[in-house]
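Below is one structure, written out as structure tokens; comments come after it.
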Amino acid sequence: MNKKIGNLFKGDKVIWMVFFFLCMISIVEVFSASSNLTYKTQNYMGPIIYHSVMIFVGVVVAVVTLNIPCRYFKLMTPFLLVISALTLLWVLIGGESINGANRVISLMGFTFQPSEIAKGTMVLVTAQILSAMQRETGADRKAFKYIMIILIPTTFLIAIENLSTAALLFAVIFLMMFVGRVPMSQMSKLMGAIAVAVVAFLVMVMTLGSIGENASQESQMTETVTASADKQAADKDAIKGGGVFHRFATWRNRILKHFNKEEVPPEKYDIEENFQVGHANMAIASSGVIGKGPGNSLERDYLPQAFSDFIYAIIIEEMGIIGAAVVAFLYIVLLYRAARIASRCENNFPAFLIMGLSLLLVIQAMFNMMVAVGLAPVTGQPLPLISKGGTSTIINCAYIGVILSVSRSAKMKMSKI
């Protein structure tokens, strides 16, 4: 019996343990943080049953994926590139709106985010290019060009409606190129170009964002005189009225709120204007060292994304500083273990692939944690493998499956991990 279980759960045991603990924490904390969903649906067990099913499906996907030899992932690249391109265009034209941005596609009753597929695809493509063009002195100079040809259009399509995901993907690919020994002259030029692009972007956001903000204010005035039957049409017209500037206004407000360090007395603090950040801060401030205990959060009833974007704040409130440190430590262990496995791979492709996917998960987790504790502007990035999700949970589990596949099937150097 034990042998059969061992054959099923192949691959690195440390990564399996990290995966198991993250899934268990996810089930407990999503159950606790879904009070708003249970109140709205009047179904106490519905949200957690759905999430548990998604976790179970994700584990099955991870098990199936880890049993695919890592060399076969190369064959998927052309198909995933086509799927990513088509779905990213589809979501811009006919996607469903979440928080004022077209981010998901509805297909046969299911919804999925094309950006999740695109992130993994770009890591796969980059790993292939870097491995195929490695020389004794580092990566061939043409590798940088080929990666940029694919990366820039992909991140542009994502950034139109989901800037934080595009920035996350660009950061991961940048680190992969650094690990892949892309010539420093090219990396330096890229860093300079990024600095210029960031400055230009900030200028555009600060100047053009007011156009979208004004359009939004005008739409709100329209809503006050619009019949309830026409409200949805008015909402759509508001976004169209602001055009591309409706996202600029959102980015502008987030930047201004984050960098506004003016001390405000408690009695003058506008909780309605800083709703998410304010309640996240209250959750953290009331946590203590050991927290209030699972299921005892108070701020979960006020945070609109307590089960997703701000679940780390709920973890801190319920599990305290110790629990928050444990969660952060699990992601560090995942990255460290993946790096050790990559260092033992005889071939470059599995090494770059496992490093890219682990960086993707860990950097996204870092973004989420920084937002929750107020170190970064609100980005809308969920906490990988913990936040409530549908296809995003399954895809993240597939990433874990690929990492386990590399640990199981890649040819290793003769030394202990």
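If you're wondering where the values come from, they're calculated on a predicted model, not measured in any experiment. For this chain, numbers begin at 1 and follow the sequence in order.
Side-chain N or O atoms of Arg141 include none that pairs as donor or acceptor with a backbone N or O of Pro183 at under 3.5 Å. Without hydrogens or angle criteria, Gln113 side chain to Thr391 main chain gives no donor-acceptor distance under 3.5 Å. A donor-acceptor contact shorter than 3.5 Å is absent between the side chain of Gln128 and the backbone of Phe349. Checking side-chain atoms of Tyr312 against main-chain N and O of Ala365 turns up no donor-acceptor pair under 3.5 Å. For the pair Asn368 (side chain) and Gln364 (backbone), a donor-acceptor distance under 3.5 Å is absent. Of the possible donor and acceptor atoms, one in the side chain of Ser409 sits under 3.5 Å from a partner among the backbone N and O of Cys70. Ser32 contributes no side-chain N or O that, together with a main-chain N or O of Pro294, makes up a donor-acceptor pair within less than 3.5 Å. Arg181 places no side-chain N or O within donor-acceptor distance of the main-chain N or O of Leu130, the cut-off being under 3.5 Å. Checking side-chain atoms of Ser407 against main-chain N and O of Asp12 turns up a donor-acceptor pair under 3.5 Å. The closest donor-acceptor contact from the side chain of Ser26 to the backbone of Ile386 lies under 3.5 Å.
When all heavy atoms of Thr165 and Ser115 are compared, the closest pair comes out as CG2-CB, 4.0 Å. The two residues Gly180 and Ala139 come nearest to each other via the heavy atoms O-CB, 3.4 Å. Shown here for Val91 and Leu88, the closest heavy-atom pair between the two residues is CG1-O, 3.2 Å. Nearest approach of Val172 to Gly356, heavy atoms of both residues: CG1-O, 3.7 Å. Closest non-hydrogen pair, Pro69 versus Asn67, comes out as CD-O, 3.5 Å. Heavy atoms only, all atoms of each residue included: Val61 and Thr65 are closest at O-OG1, 2.7 Å.
Using a 4.5 Å cut-off on side-chain heavy atoms (C-beta onward), Ile194 and Phe170 make contact. For the pair Ile316 and Val373, the minimum side-chain heavy-atom distance is below 4.5 Å. Counting heavy atoms from C-beta on, the side chains of Phe19 and Cys23 come closer than 4.5 Å. Between Met54 and Tyr50, some side-chain heavy-atom pair lies under the 4.5 Å cut-off. Residues Val327 and Met369 meet the side-chain proximity criterion, which asks for heavy atoms closer than 4.5 Å. Using a 4.5 Å heavy-atom cutoff, the side chains of Leu330 and Ile25 are in contact. For the pair Gln134/Phe352, a side-chain contact is recorded, criterion being any heavy-atom separation below 4.5 Å from C-beta on. Val30 places none of its side-chain heavy atoms less than 4.5 Å from the side chain of Ser387.
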Ser358 vs Arg337, side chain to side chain donor-acceptor pair (under 3.5 Å): CA-CA, chis, key distance, verdict = CA-CA 9 Å; Ser358 59; Arg337 196 64 180 176; over 6 Å; no
Would you check, one step at a time, whether the test side-chain contact (heavy atoms from CB on, under 4.5 Å) holds for Glu317 with Lys292?
-> CA-CA 6 Å; Glu317 183 183 10; Lys292 299 175 181 177; 2.9 Å; yes
Take Leu22 and Tyr331 through the test side-chain contact (heavy atoms from CB on, under 4.5 Å) and record every step on the way to the result.
-> CA-CA 9 Å; Leu22 289 175; Tyr331 287 107; 4.0 Å; yes
Might you work through the side-chain contact (heavy atoms from CB on, under 4.5 Å) test for Val371 and Gln381, ending with a clear yes or no?
-> CA-CA 9 Å; Val371 168; Gln381 290 295 325; over 6 Å; no
Under the side-chain contact (heavy atoms from CB on, under 4.5 Å) rule, what do Ile315 and Leu383 come out as? Steps first, then yes or no, please.
-> CA-CA 11 Å; Ile315 290 173; Leu383 190 58; 4.3 Å; yes
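Residues Ser84 and Thr121 bring a donor and an acceptor atom of their side chains to less than 3.5 Å of each other.
In this structure, Glu29 has no salt bridge (Lys or Arg N to Asp or Glu O under 4.0 Å) partners at least two apart in sequence or on a different chain.
A distance of 9.0 Å separates NZ of Lys388 from CD1 of Ile48, quoted to the nearest 0.5 Å. Between the NZ atom of Lys119 and the CG atom of Leu168 there is a distance of 5.5 Å, given to the nearest 0.5 Å. Between Ile395 atom CD1 and Ile400 atom CD1 the span is 13.5 Å, to the nearest 0.5 Å. To the nearest 0.5 Å, the span separating CG on Leu353 from NZ on Lys74 amounts to 10.0 Å. Atom CG of Asn162 sits about 12.5 Å away from atom CG of Leu157, to the nearest 0.5 Å. How far CG of Leu175 is from OG1 of Thr126: 11.5 Å, rounded to the nearest 0.5 Å.
Sparse packing is recorded around CE of Met191, with 12 or fewer heavy atoms of other residues, nucleotides or ligands lying under 6.0 Å away.
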